[in-house]
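Take a look at the structure set out below.
Each chain gets a letter, A, B and so on, in the order its sequence line appears, and its residues count up from 1. This is a predicted model, so every value here is computed, not measured. Below, all heavy atoms of this structure are taken into account, side chains as well, without hydrogens, waters or symmetry copies.
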Amino acid sequence: MTQSVVVQVGQCGNQIGCCFWDLALREHAAVNQQGIYDEAISSFFRNVDTRVVGDGGSISKGKICSLKARAVLIDMEEGVVNEILQGPLRDVFDSKQLITDISGSGNNWAVGHKVFGSLYREQILEKLRKSAEHCDCLQCFFIIHSMGGGTGSGLGTFLLKVLEDEFPEVYRFVTSVYPSAEDDVITSPYNSILAMKELNEHADCVLPIDNQSLFDIISKIDLMVNSGKLGTTIKAKSLVTSSAGAVKKRHQKPFDAMNNIVANLLLNLTSSARFEGSLNMDLNEISMNLVPFPQLHYLVSSLTPLYTLADVNIPTRRLDQMFSDAFSKDHQLIRADPKHSLYLACALMVRGNVQVSDLRRNIERLKPSLRFISWNQEGWKTSLCSVPPVGHSHSLLALANNTCVKPTFMELRDRFTRLYKKKAHLHHYLQIEGMEESCFMEAVSSLSRLIEEYNQLDATKSMPVEDLPRLSIAM
Amino acid sequence: MSVVTVQLGQCGNQIGFEVFDALYSDSHCPQGLCSKRENEAYQASSKERFFSEEENGVPIARAVLVDMEPKVINQTLSKAAQSGQWKYAQHSCFCQKEGSGNNWAYGYSVHGPRHEESIMNLIQKEVEKCDSLSGFFIIMSMAGGTGSGLGAFVTQNLQDQYSNSLKMNQIIWPYGTGEVIVQNYNSVLTLSHLYRSSDALLVHENDAVHKICAKLMNIKQISFSDINQVLAHQLGSVFQPTYSVEGSCHYRRNPLGINWQIRPPLPGLPTLGKVSLNRELHFNTSIANLVILRGKDVHSADLGGFKDPALYTSWLEPIDAFNVWKTQRAFSKYEKSAALVSNSQFLLKPLDTIVGKAWNMFASKAYIHQYTKFGIEEEDFLDSFTLLEQVVASYCNL
């Protein structure tokens, strides 16, 4: 069994991270009734004897003593991390695994990347090495950050290069929250474009998320909860957005519901690697199957169900509905239209009491309405994990490598161009040592190259699918 | 004579468990529909082949379990132990922490050499426990990374180390509509490598077994467990003891001893009959057929239909290509049962399909970087394609 380390950077990263750890604890508590420290828990948590001072306290087997998250928390302001450390999850985090500063990055990628990057490089390296040492077999780093700000965007992507150099064999999965058009940070286009270049070059796999989609999902759930449909009640624990249950918060903060959705994404992504099932899917398989060309590693995710109705009997129709929902735009974590674009690859990660025949039936049913690229007509990767998430009897996470991310990137590039043409706020960046106009130019061309690759694949959409002539053998 | 089974990867281990379970249940089935002495001979023969004895009497499967990550092996070991009737030897497992990531290259080029010694040692130990070894039964899937890549590597090693023993690979042909996106690459690489080192490839297609579960058995929600059980049942009915044709009193010594290697006449020599162009193409031509009959009335069964020369290729006489094994002892409570193992054009279409799809993907170079990362270059792919096209052509020309 392998371990993963979560690196949460910036305000957004840390808030999402906090929700993730809360959810992870709840999930393992529900599955692991006897409190034994098993391999599933060890993928994200260490078992520590808190009576032992210093480093020697790790316990590898037996009863759970005290769980410590395999996490590194980084923020250039103290507010968010301090709140976490004073909150109900304070004991889950190792106080030595934090890096904070006071002044913040001022929503400036250059400050985050160049200034704080060089300032904290050694410390970051030390904390990462420490967390790696605590792992038997480290497989993956999960980086959580936002693209629009300064710390998450700048320092978060600086990290990627460090990870690539120091731990070349370990996967780098990045969960990036992209700014929406109405983002209140004026310089978010600059920050995002500069960060994109780093994601292009140093991430193994990126799961882009946008706030608008999360917000739409919340609204939909609220509508269902409040509509009072006759005869149905929604199980409180099943809300993908709620943190009701183990950890009681005094008041739910504004972004909590949205962050919980992302936390659920990460849990479901790793479920088949942690728990048993009839068709397992490890994290290295995600990269292997969904990334046909190194640059095209952006995956559109969609999660169902978002809530469970209280009737326990799940007829087949409901199961099939889950698959249909996964391919509906309402359940995606990023605004995009995969059905009208080209699929390069698609993964279905199913949890709960779902069998291979249900999978096959639904793939057959949904296939005709989806367009797959000519050389990957049956490009489906599937996994079946026996353990359902808390509050649900089954769930589905669909990850698609689809050309529908192209419009998102093009929009980002447009917003950038509009700002850059006016040279607005540019001086904040250029005054940072190491930043020049060429940095911006390089970042834009990197993005343009990516968009061009998607364009070329899209061009094949209307071409008929023909078999290529095979090798002819002389007998 | 004993068979050592090597179970590789998630698929191999899940199926392996079902096979041993089926073999054990059948052996200890009370209704053998034959005399007590007959039943005891059957049980003893079956036991010797597949199980070894331990002090407290619980039979231990003659198997080596290999997987690159621990979850499945742990599950398999505990399921067997829970049955209370037979189990796996605790030390016959080889396990690592991180899987092969569905990457044939990783399974073959990284895990293979790295763990060669440990795995071969485990197999050696199991071989030493046998009084006489008839061969190896290797269970693996083609679509993943460990079963396919490491499986190919291990089979090669077995060929080098035990060249006199038969090696039969049970390979699982994946569903047509993807379980793994790179399954066609993995399959092509596996088959081309196995062709060079295995003696026989016994194939089960997931699609076909799935249809059996759906149409013939009417199972509503088919799980991999159901599929594996059907498969195990089929394998059991082939591998359980039978009498050799000569009608001797002893059960056939070598369960794998079918004349698998039938070679076509060497090029340049005149063939018995030219390949007639007007032979109907839909006819499934065989080069070898084995029928196994178990239960009531086996001696009076009419097998004339199998001896029809039209079934066989022009350069073979039915007498050379057709074999029957029989036993009166019923299999798994079925009063009468029959199994057919066939080396024919049946798999031509699936093979052709997989090669075609892999070729299309290869032309676009998609995913190739994942393989070259671990030492499998484009030339290796091309070699594999060439070999398989030759196989396709050979079968086509039967």
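To the nearest 0.5 angstrom, A:Ile286 atom CD1 is 10.5 Å from B:Asn102 atom CG. For the atom pair CZ of A:Arg360 and CD of B:Glu179, the computed distance is 6.5 Å after rounding to the nearest 0.5 Å. Taking CG of A:Leu279 as the start and OG of B:Ser223 as the end, the distance is 12.0 Å to the nearest 0.5 Å. In this structure, the separation between CD on A:Gln355 and CD1 on B:Ile219 is 10.5 Å, given to the nearest 0.5 Å. Atoms CE and CG, from A:Met1 and B:Asn74 in turn, are 8.5 Å apart once rounded to the nearest 0.5 Å.
No other option in B:Asn228, B:Thr177, B:Val72 has as many heavy-atom pairs under 4.5 Å with chain A as B:Thr177. Annotation: maximal heavy-atom pairing with chain B below 4.5 Å, among A:Pro292, A:Gly379, A:Ser287, A:Ser357, occurs at A:Pro292. Ranked by heavy-atom pairs under 4.5 Å with chain A, the list B:Lys220, B:Lys97, B:Gln96 is led by B:Lys97. Among B:Tyr106, B:Tyr371, B:Phe385, B:Tyr367, the residue making the largest number of heavy-atom pairs under 4.5 Å with chain A is B:Tyr367.
Every side-chain contact (heavy atoms from CB on, under 4.5 Å) that B:Ser118 has, sequence neighbours left out, goes to B:Phe94. Not counting sequence neighbours, the partners of B:Ala80 by the side-chain contact (heavy atoms from CB on, under 4.5 Å) test are B:Phe17, B:Trp86, B:Tyr88.
Looking only at distances, a side-chain donor or acceptor of A:Asn289 sits under 3.5 Å from a matching main-chain atom of B:Ile181. Under a 3.5 Å cut-off, the side chain of A:Glu39 and the backbone N or O of B:Lys71 do not form any donor-acceptor pair.
Heavy-atom distances place the backbone of A:Ser272, and not its side chain, under 4.5 Å from chain B. Only the side chain of B:Ile227 comes within contact range of chain A, judged by heavy atoms closer than 4.5 Å. Of the two parts of B:Gln75, only the side chain, counted from C-beta on, holds a non-hydrogen atom closer than 4.5 Å to a non-hydrogen atom of chain A. Both the backbone and the side chain of B:Glu98 come within contact range of chain A, judged by heavy atoms closer than 4.5 Å. Of the atoms belonging to B:Glu69, it is side-chain heavy atoms, and not backbone ones, that fall under 4.5 Å from chain A. Neither the backbone nor the side chain of A:Gln377 comes within contact range of chain B; no heavy atoms are under 4.5 Å apart. Both the backbone and the side chain of B:Gln221 come within contact range of chain A, each with at least one heavy atom under 4.5 Å from a heavy atom of that chain. For chain A, the nearby part of B:Ser100 is the backbone; its heavy atoms alone come within less than 4.5 Å. Contact of A:Asp282 with chain B is made through the side chain alone, with heavy-atom distances under 4.5 Å. Neither the backbone nor the side chain of A:Leu283 comes within contact range of chain B, judged by heavy atoms closer than 4.5 Å.
The two residues B:Val182 and A:Met288 make their nearest non-hydrogen contact at CG2-CE, 3.9 Å.
Interface with chain A: from residues 352-364 of chain B, residues B:Asp352, B:Val355, B:Gly356, B:Lys357, B:Trp359, B:Asn360, B:Met361, B:Ala363, B:Ser364 qualify, criterion being any non-hydrogen pair under 4.5 Å.
Counting only heavy atoms from C-beta outward, the side chains of A:Val356 and B:Tyr175 approach each other to under 4.5 Å.
At most 12 non-hydrogen atoms from other residues, nucleotides or ligands lie less than 6.0 angstrom from NZ of B:Lys211.
Each salt bridge (Lys or Arg N to Asp or Glu O under 4.0 Å) pair with one or both residues in residues 140-152 of chain B, not counting sequence neighbours, would appear here, but there are none.
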*asked:* Set out, in order, the CA-CA distance, both residues' side-chain angles and the distance that settles side-chain contact (heavy atoms from CB on, under 4.5 Å) for B:Val180 and A:Glu285, then state yes or no.
replied: CA-CA 9 Å; B:Val180 171; A:Glu285 295 175 33; 5.8 Å; no
